[in-house]
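Within every chain, numbering begins at 1; the chains are lettered A, B, ... in the order of the sequence lines, protein sequences first and strands thereafter. The structure presented is a predicted model; accordingly, all values stated were derived computationally and were not measured.
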There are 2 protein chains.
Amino acid sequence: MTELDAIDAAIVRELQDDARLANNVLAARVGIAPSTCHGRVRSLFERGVIRGAHAEIDQAAIGRPLQAMISVRLRPHARGELAAFAQAMAQLPEVLNVYFLAGADDFLVHVATAGSEELREFVVNHLSGTKDVAMTETSLIFEHLRGRPAAEPRSVRPAPHA
Amino acid sequence: MTELDAIDAAIVRELQDDARLANNVLAARVGIAPSTCHGRVRSLFERGVIRGAHAEIDQAAIGRPLQAMISVRLRPHARGELAAFAQAMAQLPEVLNVYFLAGADDFLVHVATAGSEELREFVVNHLSGTKDVAMTETSLIFEHLRGRPAAEPRSVRPAPHA
DNA sequence: GCTGAAAGCACAGCGAC
DNA sequence: GTCGCTGTGCTTTCAGC
């Protein structure tokens, strides 16, 4: 697998915190020249270590103040279509995340809706009212905290010549 | 609250998909001049509609191939410190997300670890082995799908003079 | 909302170490 | 691997409209 040195790890950490960080600022922060830094960032994207950059939106500001996490269990006969089902879920405008689980439930759906009525409609129309769904359990989300960036838990090999 | 017109909504949608999109490309895509577009993006950040931009990392590539979602319930006496507890969780390097729930469980912790042993250690050291935690339930995550960008579910007022 | 100018930066390719 | 250079184009801020 693609190995990351300490500088790559630092770049990943910084971009995880702010994906729009200017290259020259990032270079200074990780202690390398801007041209080198630019090449490394490009490489991280090309190698798939950084999959993309996404803006974090205040859902309430765009008219979806109510977030919920919905546990979903499919009926046994529909388990084969689990992937297709989850994929379809992810296309719906209310859906923020779909987590495919290995446990009692088949997956979790993280949604943001305009209100409780819209949430109810979402669950009925796309989940509990569907023939493939055996069970749903909806929990409202009060708050969502992002973890602090982490890169390379262990075995970070030293940088070339920092 | 800060109102968003159709152009702001389009900008939000594009940046949700790619936060590093070049300003001139974004401007062309939403149909306004680059300088105007730049001002709107700045305004969206300043108003807090866009809270930040974060790189999406391939956790497996940085040495954390195993992800899990952990349901946590605190003991009744510890409910008052729920916010502080969750905040502390979010600081741990393994934690990607903490979802504060209103339901049977108090919160969900989304973690990425180096392996099953590290996951077990995480749960024991920071959750089940803690005096404030009443119960935990760990589900492995097979896959994580991001929802497709959505902006302004309804009541998008027309743009000024698009 | 647009245009235009000016400074700084991004980005690619180069050679040198 | 690193760094520094150059050139083109873009970003960003500032006017004024």
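Per the geometry, CZ belonging to B:Phe45 stands 14 Å off P belonging to D:dT11, to the nearest Å. Rounded to a whole Å, the CD1 atom of B:Ile32 is 13 Å from the P atom of D:dT11. Rounded to whole Å, the distance from CG on A:Asn23 to P on D:dT12 is 13 Å. One can place CZ of B:Arg20 at 16 Å from P of C:dC9, the figure rounded to the nearest angstrom.
Put simply, B:Arg42 has a side-chain N or O that comes within less than 4.0 Å of OP1 or OP2 on D:dT13. Using a 4.0 Å cut-off, no side-chain N or O of B:His38 falls inside it from OP1 or OP2 of D:dT11. The side chain of A:Asn24 places an N or O atom within less than 4.0 Å of a non-bridging phosphate oxygen (OP1 or OP2) of C:dA10. Residue A:Ser35 has no polar side-chain atom (N or O) positioned under 4.0 Å from OP1 or OP2 of D:dG4. Contact annotation: A:Arg40 reaches the phosphate of D:dT2 (side-chain N/O to OP1 or OP2, under 4.0 Å). Between A:Thr36 and D:dC3, a side-chain N or O to OP1/OP2 separation shorter than 4.0 Å is present.
Residue-to-nucleotide proximity on DNA chain C shows that, of A:Leu21 and B:Cys37, the 5′-proximal contact is made by B:Cys37. Both B:Val25 and A:Pro34 lie close to DNA chain D; mapped to their nearest nucleotides by heavy-atom distance, the more 5′-ward contact belongs to A:Pro34.
Between B:Leu15 and A:Arg20, the shortest heavy-atom distance links the atoms CD2-NH1, 4.0 Å.
Checked by atom type, the side-chain pair B:His110/B:Gln67 shows a donor-acceptor distance below 3.5 Å. One side chain, B:Glu56 or A:His54, offers a donor N or O that lies under 3.5 Å from an acceptor on the other.
Aromatic ring centres of B:Tyr99 and A:Phe142 lie farther apart than the 6.0 Å criterion allows.
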